[in-house]
Asks: 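Below is one structure. I have some questions about it.
Below, chain A is the first sequence line, B the second, and so on; all start at residue 1. It should be emphasised that the depicted structure is a prediction, and the values quoted were computed from it without experimental measurement.
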Number of protein chains: 2
Amino acid sequence: MAARTGGQGGKQPTINDVAALAGVSKKTVSRVINRSEFISEKTRLAVQKAIETLGFVPNPQARALAFRRNFLIALLHDNPNAQTVLNFQQGVLDAIKDSDLALLVRPVDRGSDKMLDDVRTFLEKQRPIGAMLLPPISENDELARLCEDLGVRYVRVGSALLDDAKHCVSSNDREVVGEAVRRLIALGHRRIGFVRGPAGFRSAAEREKGFREALAEAGLRLADEHYAPGNYRYTAGIEAGEKLLSLAEPPTAIFCSNDEMAAGVMSVAHGKGIAVPGQLSIIGFDDSPTATHIWPTLSTVRWPIREMGVRAARTLVADFLGPSARIPDGESPVLASTFVERQSVAPPAGKA
Amino acid sequence: MAARTGGQGGKQPTINDVAALAGVSKKTVSRVINRSEFISEKTRLAVQKAIETLGFVPNPQARALAFRRNFLIALLHDNPNAQTVLNFQQGVLDAIKDSDLALLVRPVDRGSDKMLDDVRTFLEKQRPIGAMLLPPISENDELARLCEDLGVRYVRVGSALLDDAKHCVSSNDREVVGEAVRRLIALGHRRIGFVRGPAGFRSAAEREKGFREALAEAGLRLADEHYAPGNYRYTAGIEAGEKLLSLAEPPTAIFCSNDEMAAGVMSVAHGKGIAVPGQLSIIGFDDSPTATHIWPTLSTVRWPIREMGVRAARTLVADFLGPSARIPDGESPVLASTFVERQSVAPPAGKA
DNA sequence: CGTCTAAAAGACACCGGTGTCAAAAGCAAG
DNA sequence: CTTGCTTTTGACACCGGTGTCTTTTAGACG
């Protein structure tokens, strides 16, 4: 492997080269790079020109060392939904686009008992300025404590207000689930089934809460037989579908705590010859690609994951992103999810 | 924001602290860190102990500066399939797990005319050791040239042999598409439709080639009316389905160049009351999550994306990964894709 | 025109490691 | 006990930037 470190066949210019060309000291060049105010316009322009002539780009490692701080932020995730991770990541990148920051992405195995050690090693080795924790690991308090101990800033992303606005970004899932369920009720549905997310996940608990509240408002209650546990996976949707759709009086609508499980329920309906949405309405959650790739297309709740990425980054490192990224004091860390109605929802049979 | 740079309330120990505690020079500590062979066992153990006592972790920025090389590799992608990106990423992380390397992830907007500039800026700023290019941007020769010019190693990941084994990792898509098509033919299908990927994508061309070759082997040919263009998106699948399934004599099987388009075709079939697989067999490509989330589940081609991630990383930075990562000379850079048969394939109507 | 002050620029150490080369230590042979 | 060699260790410069403090310069004022 060639030992070249870059440049069209030569070495990258350094701050010394720029200083020599501009006829100033390297410290002055440094001031220009860092937009110091104590510099005359004339000098600034001369240095600027030298920088451009040479195509100088400051070495981030050297800066990191001198600043005693690198320009990395980390995204820690263990989300089963790849699209979610990537959308969030895109939001973060939108936010840091014009800054000096770069993004390190780090999948985490929440099942592993070495998880905390792994993360600790990672953080100690890379020493990012801050870390963003995606659900479900954002719900892990030990992880947050670890960041705190290591002096790494952190932001937890979740579906419920976890902490304070400084360490948290979330969306109003509970309310929007309620909205979706009210829509079903307005269409005439009375027997509405529910497929839950995994135990111990705050998101799952929130969605269930929103569901139950909306039912209660309308004077309905969730029959035990219309309740199915789940784990956010397709196969859990299959099992839930088998359970709910084999009942003597099956529900006329089913709310599933995510799209994958909704797709599973829909498969079972197809297999049993139950028309969707004619005989069964289905609602999911996530607005994953699957939601528009199945037939009929799935009504679902879209959470503003990309915007949450932007917000998380701003919450974490507003001081690196320029004034436009500043989040006004007291601004709520809760972003709005929306109910997206598609083909999978209709009035119950006999109510057209 | 507190100015702490880490550690349980204090500063991180440096190499000097270790040297002082062990009673040696910092250079000796450096030798231990870097597993130099010119060091006595006695000294090594003493230094080792000091390192552990202090919980010393070398500062990666300082090392990067002194080594004149950082320990980052970059993953550049613009893949519409998030799962693919994440799986590949996981493979890369598997490969670099026990090394000093870290992974930078960088989405690229291939539509933008500033794309090359963006990537150049990124590479100049971060100066990763190497970059991995995922399809479709791996097919961009200018991008590869840019890496070359900047002295950044690169590996192109793709569905066809793009270059030489040093810069390329791919899978044998063409052959496996042939296998899938031969399976359809063996089941009795004679009118087999084809939905193509976007023009200018090598992957699309490869898949078409495999398809046509298999037909030709069996003495069949692709009727023009059974051919539909596409762009790898769901909506293109819808359009293709509308076209192919409105024919007086529609195909009894359709090969789609990816799963999303297959899902679109399947939706159209459902809408028209055409039973899948009873009246129409469908095959996709990618084995994306969608493939198992639709009903009936989709037969498809799975490419070994995670293994390709491992291989790409090893190809790129074998010299950083220890002897077990070494790729034997002459080993083929082509990994095996596999045909996965699921519910969406059956003999044509009347041939059961 | 000299004095005073604030703004601008520079000198030099330093961040935490590694490379180079010379010095010290260990050891066998004379 | 030297000598001569190899192995091990250390001193010191250096990577490419920034922080601190000092010096120089420019402008205001008497």
Asks: Short question: side chain of B/Asn34, backbone of B/Ser36 - any donor-acceptor pair under 3.5 Å?
Replies: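 Answer holds: no.
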
Asks: Applying side-chain hydrogen bond (donor to acceptor under 3.5 Å, both in side chains), which residue pairs with at least one partner in residues 97-111 of chain B are found, sequence neighbours left out?
Replies: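 For residues 97-111 of chain B, and leaving out neighbouring residues, the side-chain hydrogen bond (donor to acceptor under 3.5 Å, both in side chains) pairs sorted by first residue read B/Arg63-B/Asp100, B/Asp78-B/Arg110.
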
Asks: Distance from B/Leu143 atom CG to B/Leu76 atom CG, nearest 0.5 Å?
Replies: 6.5 Å

Asks: Quick one, which residues of residues 53-66 of chain A touch DNA chain C with a heavy atom under 4.0 Å?
Replies: A/Leu65, A/Ala66

Asks: Among B/Gln89, B/Gln90, B/Gln83, whose side-chain hydrogen bond (donor to acceptor under 3.5 Å, both in side chains) with B/Asn87 holds?
Replies: B/Gln83

Asks: Which residue lies toward the 5' end of DNA chain C, A/Lys42 or B/Pro13, if each is placed at its nearest nucleotide?
Replies: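 The residue whose closest nucleotide sits nearer the 5' end is A/Lys42.
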
Asks: How many angstroms lie between atom CG of B/Asn70 and atom CG of A/Asn59, to the nearest 0.5 angstrom?
Replies: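 It comes to 8.0 Å.
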
Asks: Is it the case that the side chain of A/His77 and the backbone of A/Pro135 share a donor-acceptor pair, with hydrogens and angles ignored and the cut-off at 3.5 Å?
Replies: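 Absent.
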
Asks: Can you name the side-chain hydrogen bond (donor to acceptor under 3.5 Å, both in side chains) partners of B/Asp141, sequence neighbours left out?
Replies: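 Only B/Arg156 meet the side-chain hydrogen bond (donor to acceptor under 3.5 Å, both in side chains) criterion with B/Asp141.
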
Asks: Once you round to the nearest 0.5 Å, how far does CZ of A/Arg69 lie from CZ of A/Arg127?
Replies: 14.5 Å

Asks: Does anything in residues 23-40 of chain A reach DNA chain D, meaning a heavy atom under 4.0 Å, and if so which residues?
Replies: A/Lys26, A/Lys27, A/Ser30, A/Asn34

Asks: Give, ordered by number, those residues of residues 96-103 of chain B having at least one heavy-atom distance below 4.0 Å to an atom of DNA chain C; if nothing qualifies, reply none.
Replies: none

Asks: How about B/Phe88 and B/Met132: do any of their side-chain heavy atoms sit closer than 4.5 Å?
Replies: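 Side chain of B/Phe88 against side chain of B/Met132, heavy atoms only: contact under 4.5 Å found.
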
Asks: For a 4.0 angstrom threshold against heavy atoms of chain A, report the outermost contacting nucleotides of DNA chain D in 5' to 3' order.
Replies: D/dG16 to D/dT20

Asks: Dot-bracket for DNA chain C: what is it, with Watson-Crick or G-U pairs under 3.5 Å, [ ] where a pair crosses earlier ones, and | for a pair to another strand?
Replies: ||||||||||||||||||||||||||||||

Asks: If you look only at distance, which donor and acceptor atoms sit under 3.5 Å apart when one is on a side chain in residues 304-311 of chain A and the other is two or more places apart or in another chain?
Replies:
from: A/Arg306; atom 1: NE; to: A/Asp94; atom 2: OD2; distance (Å): 2.9
from: A/Arg306; atom 1: NH2; to: A/Asp94; atom 2: OD1; distance (Å): 3.3
from: A/Arg306; atom 1: NH2; to: A/Asp94; atom 2: OD2; distance (Å): 2.9
from: A/Arg311; atom 1: NH1; to: A/Ser332; atom 2: O; distance (Å): 2.9
from: A/Arg311; atom 1: NH2; to: A/Glu331; atom 2: OE2; distance (Å): 2.9

Asks: So which pairs with a foot in residues 17-32 of chain B pass salt bridge (Lys or Arg N to Asp or Glu O under 4.0 Å), sequence neighbours left out?
Replies: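 Listed by first then second residue: nothing to list.
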
Asks: At what distance, to the nearest 0.5 angstrom, does NZ of B/Lys49 lie from CG of B/Leu54?
Replies: 11.0 Å

Asks: Could I get the full list of side chain to side chain contact (heavy atoms under 4.5 Å, CB included) partners for A/Glu41, not counting sequence neighbours?
Replies: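 If we apply the side chain to side chain contact (heavy atoms under 4.5 Å, CB included) test to A/Glu41, skipping adjacent residues, the hits are A/Arg44, A/Leu45.
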
Asks: Check the angle between the aromatic planes of A/Phe71 and A/Phe320 and answer parallel, tilted or perpendicular using the 30° and 60° thresholds.
Replies: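 A/Phe71 vs A/Phe320 ring planes: perpendicular.
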
Asks: At a cut-off of 3.5 Å, list every protein nitrogen or oxygen paired with a nitrogen or oxygen from nucleotides 24-28 of chain C, distance to 0.1 Å.
Replies:
none

Asks: Please determine whether a side-chain nitrogen of the Lys or Arg among B/Asp319 and B/Arg153 lies less than 4.0 Å from a carboxylate oxygen of the Asp or Glu.
Replies: yes

Asks: For A/Thr43, which residues count as a side-chain hydrogen bond (donor to acceptor under 3.5 Å, both in side chains) partner, sequence neighbours excluded?
Replies: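 Partners of A/Thr43 by the side-chain hydrogen bond (donor to acceptor under 3.5 Å, both in side chains) criterion, ordered by chain and then number, come out as A/Ser40.
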
Asks: Quick check for you: to the nearest 0.5 Å, what is the distance between A/Asp117 atom CG and A/Arg120 atom CZ?
Replies: 7.5 Å

